[in-house]
S.K.: 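Structure incoming, see below.
Just so it is clear: chains get the letters A, B, ... in the order the sequence lines come, proteins before strands, and each one is counted from 1. Computed over heavy atoms, backbone and side chain alike; hydrogens, waters and symmetry mates excluded.
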Amino acid sequence: MGRLVKHHLFWPLCVLAALLLFNLCYSPDFFTITMHDGHLYGSLIDILNFGSPLILVAIGMTLVVATKGIDLSVGSIVAISGAVACLSISKGPDQNSLVLILISVLLAVGLSLVLGLWNGLLVSVAGIQPIIATLILMVAGRGIAQLVTGGQIITVTSAKYAYIGSGSLATLPFSIFVVILVLLIALLTRRTALGLFIESVGCNPTASLMAGVRAKWVILSVYIFCGLCAGIAGLLLSSNVSSADGNNAGLWYELDAILAVVIGGTSLNGGRYYLTGTVIGALIIQTLTTTIYMIGVPPEITLVVKAFVVLAVCLIQSDSFRAAFAARWKTRHYPAEKEITRHVS
Amino acid sequence: MKKLGKMGAVLALTLTVMMLGACGNNGGGNTAANETGKAAEASGNGGTKTEAKDITLGFSQVGAESGWRSANTKSIQDSAKEAGITLKFSDAQQKQENQIKALRSFIQQKVDVIAFSPVVESGWDTVLKEAKDAGIPVVLTDRAVDSKDTSLYVTFLGSDFVEEGRKAGQWLSEQYKDASEDINIVELQGTTGSAPANDRMSGFAEVIAGNPHLKMIASQSGDFTRAKGKEVMQAFLKANKDIDVLYAHNDDMALGAIQAIEAAGLKPGEDIRIISVDAVKDGMQAASEGKINFIVECNPLLGPQLMQVVQDVVDGKQVEARIVTEESTFTSEQAKEALPNRQY
């Protein structure tokens, strides 16, 4: 039992379970999943489908945070990637041609790799602090996305492109498979020495360099990977609604992603990372959003409700808070209670 | 030294990207403003007394959150060019603080008239007083402010959102006037706290209160965007088994909701009747296909009217305190007829 409680996934899983349980109490058929023309349909599926872009961004963010960095530009990369893909599809002669879709997707993914490389260069080669280096692209990126879309919402009518974000494979949303693929790639760092390198660079870049780890390359690669994740997330988001919105797509995603990383147990001080924790963290955030819509919290106080839940999650996860709380519980003095015990015995 | 050169190159690149971003933020507006600005300068240098006639208009737009807004921006930019008015255009990206900054910079630049579409209704008194103290008249376009002191602005030019909500409600009441059982309505609100969201909600609620069978069972904000509209509608469909009518505060949210309804295996327009506001091209397209049953128009082409008002204000003419734009409504059949001529 003690080992179970100490496990880094214990508290995040508890919170997720509590949220799901709350939903079950509120609407009994929350867990019901039915078949609808060949694909599964239900609230849980929705959470996975709508949560997948956030999970992707958060996975990339986890590796960056593990090197004691941070990437604020992910939201902008999401917007740019969606905008570029939709623009190139909408310009094509036949929106449903597979070649066009593939070229557009590759173009968007390639561009997000370049943007990730840009962040990585600023941080590793130029030695700018990550928060400032990525802030540049966060601000400029929105502008670039609007430049690409011309300030308009680009609508595409391609059924093949819509498949990426809202189609289903083997009864499950296609986006889930994309997430699983990326997660497996990210988990490879755990199977190879790369994970260790990332953590050592996060602990102490100079010491790692002395020990023979090419710190700059490690940092560069995590930012490129983070850019890639954000780019794919942008494709999922824009294809889900078959349109690109330079202004609103991925707005505040960087904050949600950082929150997911932290809820998952990864410290912003770097040196440790938990990918499965991050996935659960992102699922908690998406479940919370869905819950708020379902129970009909008035829109005016939605953010307050969210803030309270997030505060509670963070407090539950804090060791010192739990210790203080437990100490209080143990040393409580209730004179009447002691009286009763004495008389009964 | 070699390292220094590398750093320099990176710095230069950074600056380029930042400048690119800055241009992007303002959309095409800046270039348009510059061009007309140059034209104005040229005529000013001519030495004639045309200088007094050159009008500079500072316009702060909400953002580019929907097709409607883009059409609105384009109309204002085009008609400013036509009227020979120098337009300083600024995009607030849906943030009030950006808009307040833009208004302050207009005051500093001493433009002749300031026009803006407020992102939210409240919190404008201070900056509007600054404009008043600087002697710059302010015109509100499209959205109102809730300021008690009406002397802070000259006029409010725009649609009557309460009336739009009422029109939507009236059509619905008409459709269900003989209903014997309860009709369940869900509502997708616009950005929380914005004037169109507040007014379209209250106008609609006011009318449907007259029919006891019309029941509003859920109402959430979809932020006027397609993605949010879809996400919220998915949750509505899960939480409520029996939805008869959807009332969306703009077309984009309705379009997102249509995707959610189709994913649930229902037929938009038949299983769930949809009422929407705006009548942008994508919305009209959906209406002509029968997916949206009723659209209340909200006309974005305010440009010509705005330029007229600006000219009148500068000339010192009396302007009415409230100018309403002309608007109509479309059923599916009417949308089919009107679609080919739709500009935006």
S.K.: State which residues pass side chain to side chain contact (heavy atoms under 4.5 Å, CB included) with B:Ala287; sequence neighbours excluded, sorted by chain then number.
M.R.: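 Partners of B:Ala287 by the side chain to side chain contact (heavy atoms under 4.5 Å, CB included) criterion, ordered by chain and then number, come out as B:Ile292, B:Ile295, B:Ala335.
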
S.K.: Which atoms form the tightest heavy-atom contact between A:Tyr293 and B:Phe236, and what is the distance?
M.R.: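 Of all heavy-atom pairs spanning A:Tyr293 and B:Phe236, the closest is O-CE2, 4.3 Å.
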
S.K.: May I ask you to name which of A:Thr149, A:Val297, A:Asp29, A:Thr290 has the most heavy-atom pairs under 4.5 Å with chain B?
M.R.: A:Val297

S.K.: What residues, two or more places apart in sequence or in another chain, satisfy side chain to side chain donor-acceptor pair (under 3.5 Å) together with B:Gln220?
M.R.: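 Expected list: none.
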
S.K.: Between A:Thr289 and chain B, with a heavy-atom cut-off of 4.5 Å, which part of the residue counts as in contact: side chain, backbone, both or neither?
M.R.: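 The answer is the side chain of A:Thr289.
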
S.K.: If you count every heavy atom of other residues, nucleotides or ligands that lies below 6.0 Å from A:Ile131 atom CD1, does the total exceed 12?
M.R.: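 No.
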
S.K.: Where do A:Phe50 and B:Lys230 come nearest, in terms of heavy atoms and distance?
M.R.: CZ-CG, 4.1 Å

S.K.: So, A:Asp46 and B:Lys238, do they make that salt bridge, N to O below 4.0 Å?
M.R.: yes

S.K.: Sort B:Lys241 into side chain, backbone, both or neither according to what part of it lies under 4.5 angstrom from a heavy atom of chain A.
M.R.: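 The answer is the side chain of B:Lys241.
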
S.K.: So which heavy atom on A:Pro299 is nearest to which on B:Thr192, and how close?
M.R.: CB-OG1, 3.6 Å

S.K.: Tell me, for B:Ala227 versus chain A, whether the close heavy atoms (under 4.5 Å) come from the side chain, the backbone, both or neither.
M.R.: both

S.K.: Is chain A contacted by the side chain of B:Thr73, its backbone, both, or neither, given a heavy-atom distance below 4.5 Å?
M.R.: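 Neither the backbone nor the side chain of B:Thr73 comes within 4.5 Å of chain A.
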
S.K.: Are more than 12 heavy atoms, taken from residues, nucleotides or ligands other than A:Phe308, located less than 6.0 Å from that residue's CZ atom?
M.R.: no

S.K.: Taking side chain as everything from C-beta outward and backbone as N, CA, C, O, which of these in A:Ser27 sits under 4.5 Å from a heavy atom of chain B? Side chain, backbone, both or neither.
M.R.: neither

S.K.: Is there any residue in residues 255-267 of chain B with a non-hydrogen atom under 4.5 Å from a non-hydrogen atom of chain A, and which ones are they?
M.R.: B:Gln259, B:Ala263, B:Ala264, B:Gly265

S.K.: Sequence neighbours left out, what passes side chain to side chain donor-acceptor pair (under 3.5 Å) with B:Gln96? Give chain and number order.
M.R.: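 Partners of B:Gln96 by the side chain to side chain donor-acceptor pair (under 3.5 Å) criterion come out as none, since no residue qualifies.
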
S.K.: Using heavy-atom distances under 4.5 Å, tell me whether B:Lys228 contacts chain A through its side chain, its backbone, both, or neither.
M.R.: side chain

S.K.: Check whether any side-chain heavy atom of A:Asn49 lies under 4.5 Å from a side-chain heavy atom of B:Gln234, and answer yes or no.
M.R.: no

S.K.: Taking A:Thr291, A:Thr32, A:Asn240 one by one, which has the highest count of heavy-atom pairs under 4.5 Å against chain B?
M.R.: A:Asn240

S.K.: Find out whether A:Asn248 and B:Asp223 are in side-chain contact, i.e. whether some heavy atom of one side chain is under 4.5 Å from a heavy atom of the other.
M.R.: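 Side chain of A:Asn248 against side chain of B:Asp223, heavy atoms only: no contact under 4.5 Å found.
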
S.K.: Check whether any side-chain heavy atom of A:Asp245 lies under 4.5 Å from a side-chain heavy atom of B:Arg226, and answer yes or no.
M.R.: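 They are not in side-chain contact.
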
S.K.: Quick one: do the B:Asp282 and A:Thr155 side chains pair a donor with an acceptor below 3.5 Å?
M.R.: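 Their side chains do contain a donor-acceptor pair, which is all the 3.5 Å distance test asks for.
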
S.K.: Begin with the C-alpha distance, continue with both residues' side-chain angles, and end with the deciding distance and a verdict on side-chain contact (heavy atoms from CB on, under 4.5 Å) for A:Leu251 and B:Gln94.
M.R.: CA-CA 11 Å; A:Leu251 198 61; B:Gln94 279 133 300; over 6 Å; no

